[in-house]
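Here the structure is laid out as structure tokens; the discussion comes afterwards.
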Amino acid sequence: MKKKAIALLLILIMIIQTSGCEKAESEKTKTLRVGVVLYASDDKFINALTSIMKELFQRRESEDLKIVMSVKNGANDQRAENDVVDEMMDAGCDILVVNLVDRTAPSKIINLARENNVPVIFFNREPVKEDLMQWDKMYYVGCDSAQSGEIQGKLAADMIKQDFSKYDKNGDGKIQYVMLEGEAGHQDAILRTDYSVETLKAEGIKLEKISYQFADWSRAQAENKMQQIISKYGDTVELVLANNDEMALGAIEAYEKADISLDRRPLIYGIDGLDDALSAIKKGTLQGTVYNDKEEQARNIVNLAIDLYKGNSLSSYNIQDGKYLMSEYQRVDISNVDDFIN
Ligand code: BGC
Ligand code: CA
């Protein structure tokens, strides 16, 4: 009887101890809730960057850190995006990662974040500096848009200069070009357009603009616009500069459908270095692109989010003006495209 009672007591003590232990462990495990809000659901570049982010957050999980990343989007409407952020705050969020719909209208989101003391990492769609300066817990992860325009212009200039008479198909001493622009007001659309053209001119190439068309970063829209240009100007276009790869691929598609053979097509350049564009370079339908380093931008967002959450020092980061974490663009053409295909 006595023995049984002692054994029972021992078991009881063990149960209490182990459950006590478990409790201590679960208290040690913290959960970082990251709210990611995208401007839209169907942007190829943004979605590629977001899946890398997801993978990197998963890799950073450990016994004492659980990370929950939730992804929502603003359906291309700033007010809808504000509402999404509002809901995220209510549901509980430690770090906000924001890809603005309208980069000039972040006030509502900034106010919500401040009220809830939730640090914000903006990415890809750059708020103006005055807005970023409104609170010290806000950062921007992105690239120098002007640099991508410069590299694109240089890529085209180098090619054209190699054999001017070949690319000046009508022999008038000028290069007739079409510009396919991203979204009006986007820093990448404005600066890529400017710097690409200015760089070509600075390289001594005489240009004649045939058409500037907004195609909102979209392959389908660019194909449509290019189809109209082809039916109006035939195959007289000598150069197509697109603010991103999707639009460059749309232009290529228009030439395919118009049944214009490769040797009668213009030189075509994009920006981003997404998989489809890299294979188009391999095929020879796209002459070049500018690599938009989604891996590094995702890494910067993930590292920054975790360090902000833990309250770690940010002294190892190269943060400019206390706000900007920038990546370098890289030139891609047939000579080095294999380095980018993994
Ligand atoms: C990319 C585009 C993308 C846009 C979205 C740009 O940096 O080059 O492909 O559509 O960002 O904001
Ligand atoms: Ca010409």
Q.
A side-chain contact here means heavy atoms from C-beta on lying under 4.5 Å apart; do Leu239 and Tyr167 qualify?
A. no
(Q) Could you measure the distance from the CZ atom of Arg265 to the OG1 atom of Thr285? Nearest 0.5 Å is fine. (A) 7.0 Å
Q: Say whether Gln147 and Glu328, considering side chains only, have a donor N or O and an acceptor N or O under 3.5 Å apart.
A: yes
Q) Does a donor on one side chain sit under 3.5 Å from an acceptor on the other, for Gln297 and Asp293? A) no
Q. Are Glu238 and Leu267 side-chain neighbours, meaning at least one heavy-atom pair lies under 4.5 Å?
A. no
Q. Under 6.0 Å from the CZ atom of Arg79, do we count more than 12 heavy atoms belonging to anything else shown?
A. no
(Q) Pairing donors with acceptors under 3.5 angstrom, does anything connect the side chains of Gln176 and Glu208? (A) yes
Q: Just jot down the ring pair (Phe, Tyr, Trp, His ring centres under 6.0 Å) partners of Tyr291, sequence neighbours excluded, or say none.
A: Phe340
Q) Rounded to the nearest 0.5 Å, how far apart are NZ of Lys166 and CG of Asp263? A) 9.5 Å
Q) Cut-off 3.5 Å, side chains only: do Asn244 and Arg192 have a donor facing an acceptor? A) no
(Q) Please check: side-chain N/O of Arg125 versus main-chain N/O of Leu100, any donor-acceptor pairing under 3.5 Å? (A) yes
Q: Taking only Lys NZ, Arg NE, NH1 and NH2, and the carboxylate oxygens of Asp or Glu, determine whether Glu223 and Arg219 approach each other closer than 4.0 Å.
A: no
Q) Can you find a side-chain donor-acceptor pair between Asp307 and Tyr317 that sits under 3.5 Å? A) yes
Q: Can you spot which of Asp188, Thr193, Asp216 makes a side-chain hydrogen bond (donor to acceptor under 3.5 Å, both in side chains) with Asn243?
A: Thr193
(Q) Under the ring pair (Phe, Tyr, Trp, His ring centres under 6.0 Å) definition, can you give me all pairs with a residue in residues 190-247, not counting sequence neighbours? (A) His186-Trp217
Q. Among side-chain atoms of Thr199 and Glu150, is any donor-acceptor pair under 3.5 angstrom?
A. no
